[in-house]
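First comes the structure, then the notes that go with it.
Order of listing sets the numbers, starting from 1, for every ligand and every atom in it.
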Amino acid sequence: MLVAGNWKSNKSFNEAQEFANAFAKLTPPAEGVEVSIAPPAPYLAALGQEGVPFRLGAQNVSATGPGAQTGEFTADMLAGCGVQDVIVGHSERRDGHGDEDAAVAEKVDRVLESGLRVIFCCGESLQDRQSNVHFDKVLRQLESGILRLPAEDMSRVVVAYEPIWAIGTGLTATAEQAQEMHAAIRGWITEAFDADVSKSIPLLYGGSCKPANADELFACADVDGGLIGGAALNPEHFHALVEAAGRAQAKRMQAEAI
Ligand code: 13P
């Protein structure tokens, strides 16, 4: 299980450090649970140097390498700051920040070339779902983003399904809706690669995931954790999600042992 936080454009630098200090005092994640947080980019170098009690993530990356690209930062620069995970294709960047499918694919390539792990986001709008094209939409995003990759790169790919209508709205996909899409995603990865690759890819759910609904979502067979926005801003709330992932992981390990 993987619980990843996306702080988006929130927190001062002091607040980011306070979070890291508070989180370090809480119970460490259970066996088999990974924790990653993507703070705002200006804080990454300092947090990477100070050390944080979670994997350090970035929320964005340049689609190109170094050069005359004012304001951009490359995947190699992120790696040099201690970043391990990079969120690519978030709907808030796809919508209005130029991250069309082609740019998203370039970013995925740059992240993987730098040896980092990509958290690849996909998800449909409310209109897509109401028009019953949500599966097509997500499949297209996956095809251009990751299903084209060489199989050996897939060990550094995480997929986050984030239905746009559930992000920051308080509306959550039901466990059935999440599981249905996650099972479809797992199936498409199996078709493009094989069952072993598919089983090894963490599939995260994102969209108003919070302590009150995490147990139900994480209990779904194909939900391997969450990409968390609002509930990742408070160390106790985020820690409650990490604990929920621990409970789900313990049940999976028990089931495997039988
Ligand atoms: P919320 O958890 O605030 O809905 O945000 C989800 C998200 O966009 C994480 O990337």
Any N or O on G230 sitting closer than 3.5 Å to an N or O of ligand 1?
-> yes
Using a 4.0 Å heavy-atom threshold (strictly under), name the region of A160 that reaches ligand 1: side chain, backbone, both or neither.
-> neither
Does K210 approach ligand 1 within less than 4.0 angstrom via side chain, backbone, both or neither, non-hydrogen atoms only?
-> neither
Atom 5 (O) of ligand 1 [closest protein heavy-atom partner, distance rounded to 0.1 Å] = K8 NZ, 3.3 Å
Per-atom contacts, ligand 1 versus E162 - under 4.0 Å to a heavy atom | 6 (C), 7 (C), 8 (O), 9 (C), 10 (O)
Salt bridge (charged side-chain N to carboxylate O under 4.0 Å, His left out) with D136: which residues, sequence neighbours excluded?
-> none
Donor-acceptor pairs under 3.5 Å, side chain of residues 28-51 to any protein atom, not counting sequence neighbours: which ones?
unit_1, atom_1, unit_2, atom_2, d
E34, OE1, R117, NH1, 3.0
E34, OE1, R117, NH2, 3.3
S36, OG, D85, OD2, 2.7
Y43, OH, K11, O, 2.6
Y43, OH, F13, N, 3.3
E50, OE1, Q17, NE2, 3.1
E50, OE2, Q17, NE2, 2.7

Could you tell me whether N6 approaches ligand 1 through its side chain, its backbone, both or neither, with non-hydrogen atoms closer than 4.0 Å?
-> side chain
G207: heavy atom below 4.0 Å from ligand 1, yes or no?
-> yes
Residues S208 and T172: side-chain donor-acceptor under 3.5 angstrom = no
At the 4.0 Å heavy-atom cut-off, does A166 count as touching ligand 1?
-> yes
Presence of salt bridge, D128 and K137, under 4.0 angstrom = yes
